[in-house]
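Data first, discussion second: the structure below is written as C-alpha cells.
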There are 2 protein chains.
Amino acid sequence: MMAGMTGTRWLDTSEQCIWRSYLAATSLLEDRLDREISAASGLSVIEYGILAHLSEAEGRRMRMSALADTVLVSKSRLSHQVARLERDGHVRREVCPDDRRGAFAVLTDEGYELLVSIAPVHVDGVRTHLFDQLEPEQVQQLAEITRRLVAHLRELPEVVRCPSARSGAGAK
Amino acid sequence: MMAGMTGTRWLDTSEQCIWRSYLAATSLLEDRLDREISAASGLSVIEYGILAHLSEAEGRRMRMSALADTVLVSKSRLSHQVARLERDGHVRREVCPDDRRGAFAVLTDEGYELLVSIAPVHVDGVRTHLFDQLEPEQVQQLAEITRRLVAHLRELPEVVRCPSARSGAGAK
DNA sequence: AGTTAACACTTGAACCTTCAACTATCTTCC
DNA sequence: GGAAGATAGTTGAAGGTTCAAGTGTTAACT
C-alpha cells in the first residue's frame with residue numbers, strides 16, 4: 001500500500017528474468033556445495049566455514065564475536081553451532097584472559113584433521129561449479145559486481161523484523 | 001578422499017578473495033531482502049515466492065510438484081510451508097481431478113491482497129540493493145554469468161547426503 | 001485382471017535457527 | 001567507589017527444515 005502508492009519502479013521483463021536467474025544460480029550453487037560437503041563429512045557448509053576460518057587464525061582460535069562477523073551468522077546461532085562442534089570434538093572453548101566476558105573457539109586437532117580431509121572436496125566444488133563455468137573475464141566481472149554489492153549492503157542500517165504490519169504470527 | 005588424493009586444483013589468493021566476496025554478497029542480499037519482506041508482512045522470502053508464483057499461474061493455482069520445482073524447495077518443505085499458508089488463509093488446497101494423487105495450491109483472495117500489498121517492498125529491495133548498485137553493462141554480465149551457472153547446475157545428478165552407502169534415496 | 005513399480009504428496013520426529021531474556025563482565029562518568 | 005549502561009556470550013522455547021517412512025493413485029508388464 002504505502003510503499004507502492006506513487007513511485008515504485010517496477011522491474012521490466014528482462015530484469016525479472018535476470019533476478020530469477022540470479023535466485024536460481026545462487027540457491028542451486030549453495031545447495032550443491034552444501035550437499036557435497038555434507039555427503040563427504042556430515043558437516044554443513046556453515047560448519048565448514050567455521051572450521052576453515054579458525055584454521056587460518058592465529059593459534060587456530062578466534063573470539064566468538066569475531067567469528068560470527070566473519071562467518072556472517074548471528075551470535076546466537078554461532079553459539080549453538082559451536083556447542084555442537086564442541087560436542088563432536090572438532091572445537092573447544094577457552095576463556096579469554098584479557099576479557100573475562102569473552103570466549104575463544106579453538107580448533108582441536110581432530111577438527112583440523114577433518115578440515116584437511118574435506119577441504120579438497122569443497123575446493124573442487126567451488127572450482128567445478130563456479131570458476132570452471134566462467135570465462136576469465138567473467139570471473140573478474142563477478143568480482144567487481146560482488147564487491148560493489150558487499151560495499152553497499154554493509155553500509156545499510158539494520159532492519160527490525162516486525163514493525164506496524166499485521167497482527168497474527170510476526171514470527172520467522 | 002578420492003577428490004584430493006592427487007590433483008586438487010587449489011584456489012589462488014585472488015580466487016579465494018572472489019569466492020569470499022561472492023559468499024558475502026549473496027548471503028547479505030538474501031538476508032536483507034528476507035528481513036525487509038518479513039518486517040513488512042510477516043512472510044519469509046520463500047513464502048513470498050510461493051504467493052508470487054501462484055499469482056502468475058493460470059487460475060492462480062499450481063500443482064505442488066511444479067510449485068516446488070519453481071520455487072526450488074523440496075516437496076516436503078513445500079508441503080509444510082503450504083500448510084502454514086493455508087492455516088493463515090493465504091492459500092487453499094484443492095484436489096486435482098485428472099490425477100487424484102495430485103494437489104493444487106490455490107492463492108486465495110486474501111493471499112492475493114497480501115501479495116499486492118507487499119510486492120512494492122520486494123521490488124524496491126531488489127532494485128535498490130541489486131540493480132541500482134550496478135552499471136547497465138554489469139547487469140548484463142550478471143545475467144550471462146548466472147545463466148551459465150544455472151545451465152551447469154541443472155544438469156548435475158543428485159548428491160546423496162550420507163557417505164555410508166545405501167542406494168535409492170534422494171529428496172528434493 | 002493382478003501384481004509390481006513409480007509417482008504425488010503428507011506426516012512425524014529429529015535437528016537447526018531465531019528471538020528475547022538472561023548472566024556476567026567491562027566502561028563511563030560523576 | 002558506585003550506579004548506569006554497553007558489551008560478550010549463553011540459554012530456552014517456539015517455530016522452521018530435513019529425512020525417512022507412510023498413504024493412496026496411476027502406469028507398466030504379464
Side-chain angles (χ1 to χ4, degrees), chain A residues 27 30-31 34-35 38-39 42-47 49-50 61-69 71-88 91 93-106 158-163 168-172, chain B residues 27 30-31 34-35 38-39 42-50 61-69 71-88 91 93-105 158-172:
Chain A
S27 88
E30 185 182 345
D31 192 58
D34 201 4
R35 279 168 194 277
S38 167
L43 295 179
S44 71
V45 80
I46 294 286
E47 291 172 315
I50 292 173
R61 77 190 53 217
M62 285 179 82
R63 289 287 294 269
M64 292 295 282
S65 305
L67 188 52
D69 288 348
V71 190
L72 296 169
V73 301
S74 70
K75 290 165 88 177
S76 171
R77 179 172 172 184
L78 181 65
S79 193
H80 287 297
Q81 198 82 254
V82 166
R84 291 188 289 266
L85 288 170
E86 191 169 28
R87 178 200 63 196
D88 297 341
V91 162
R93 284 179 225 236
E94 278 179 22
V95 288
C96 176
D98 306 344
D99 183 342
R100 264 176 307 194
R101 293 169 302 180
F104 280 112
V106 189
E158 301 268 315
V159 185
V160 186
R161 282 251 188 197
C162 193
K172 205 295 140 115
Chain B
S27 88
E30 185 182 346
D31 192 57
D34 201 4
R35 279 169 194 277
S38 167
L43 294 180
S44 70
V45 80
I46 294 285
E47 291 172 315
Y48 176 85
I50 292 172
R61 77 191 53 217
M62 284 179 83
R63 287 287 294 269
M64 292 295 282
S65 305
L67 189 52
D69 288 348
V71 190
L72 296 170
V73 301
S74 70
K75 288 164 89 178
S76 171
R77 179 171 171 186
L78 181 65
S79 192
H80 286 298
Q81 199 80 255
V82 166
R84 292 188 290 267
L85 288 170
E86 191 169 29
R87 179 200 62 196
D88 297 341
V91 162
R93 283 178 224 236
E94 280 179 22
V95 289
C96 176
D98 307 344
D99 182 341
R100 262 175 309 192
R101 293 171 301 182
F104 280 112
E158 302 266 315
V159 184
V160 187
R161 281 250 190 201
C162 187
S164 54
R166 199 155 22 165
S167 51
K172 174 99 198 240

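Each chain gets a letter, A, B and so on, in the order the sequences are listed, and its residues count up from 1.
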- Query: To the nearest angstrom, how far is Leu78(B) atom CG from dA8(C) atom P?
  - Reply: 14 Å
- To the nearest Å, how far apart are Met64(A) CE and dT23(C) C1'? 16 Å
- Crowded around Glu30(B) CD? As in, over 12 foreign heavy atoms under 6.0 Å? no
- Query: Measuring from Arg84(B):CZ to Leu43(B):CG, what's the distance to the nearest 0.5 Å?
  - Reply: 11.5 Å
- Message: Within this structure, what is the CG-CD1 distance for the pair Leu72(A) and Ile46(A), rounded to the nearest 0.5 Å?
- Response: 8.0 Å
- Item | Between dG16(D) (P) and Asp88(B) (CG): distance, integer Å | 9 Å
- Message: Over all strands shown, is Arg84(A) touching base, sugar-phosphate only, or nothing at heavy-atom distances under 4.0 angstrom?
- Response: base
- Query: Between Gln81(B) and dG16(D), is there a side-chain N or O to OP1/OP2 distance below 4.0 Å?
  - Reply: no
Please enumerate all protein N or O atoms sitting under 3.5 Å from an N or O of nucleotides 11-14 of chain C, with distances to 0.1 Å.
from, atom 1, to, atom 2, distance (Å)
dT11(C), O4, Ser76(B), OG, 3.1
dG12(C), O6, His80(B), NE2, 2.9

- Apply side chain to side chain contact (heavy atoms under 4.5 Å, CB included) to Ile50(B) and Leu78(B), showing your working. CA-CA 9 Å; Ile50(B) 292 172; Leu78(B) 181 65; 3.6 Å; yes
Polar atom pairs between nucleotides 26-29 of chain C and protein, under 3.5 Å, N or O only, would you list them?
from, atom 1, to, atom 2, distance (Å)
dC26(C), OP1, Arg100(A), N, 2.9

- Message: What is the distance, to the nearest angstrom, from the CD atom on Glu94(B) to the P atom on dT10(C)?
- Response: 13 Å
- Which heavy-atom pair separates Met64(A) from Ser79(A) by the least distance, and what is that distance? CE-CA, 3.9 Å
- Can a salt bridge be assigned to the pair Asp31(B) and Arg35(B) using a cut-off of 4.0 Å between side-chain N and carboxylate O? yes
- Query: Over how many whole Å does the gap from Arg77(B) atom CZ to dG15(D) atom C1' extend?
  - Reply: 13 Å
- Message: If I compare all heavy atoms of Leu67(B) with all of Ala105(B), which pair ends up nearest, and what's the gap?
- Response: CD2-CB, 4.1 Å
- To the nearest Å, how far apart are Arg63(A) CZ and dT7(D) P? 13 Å
- Partner of Glu94(A) under salt bridge (Lys or Arg N to Asp or Glu O under 4.0 Å), chosen from Arg61(A), Arg100(A), Arg63(A): Arg61(A)
- Message: How many whole angstroms separate atom CZ of Phe104(B) from atom P of dA8(C)?
- Response: 13 Å
- Does Ser65(B) put a side-chain nitrogen or oxygen below 4.0 Å from OP1 or OP2 of dC9(C)? yes
- Item | Gap between atoms CG and C1', on Asp34(B) and dG15(D) respectively (whole Å) | 14 Å
- Message: Taking Ser44(B)'s backbone N and O only, do any of them form a donor-acceptor pair with Glu47(B)'s side chain (distance below 3.5 Å, no angle check)?
- Response: yes
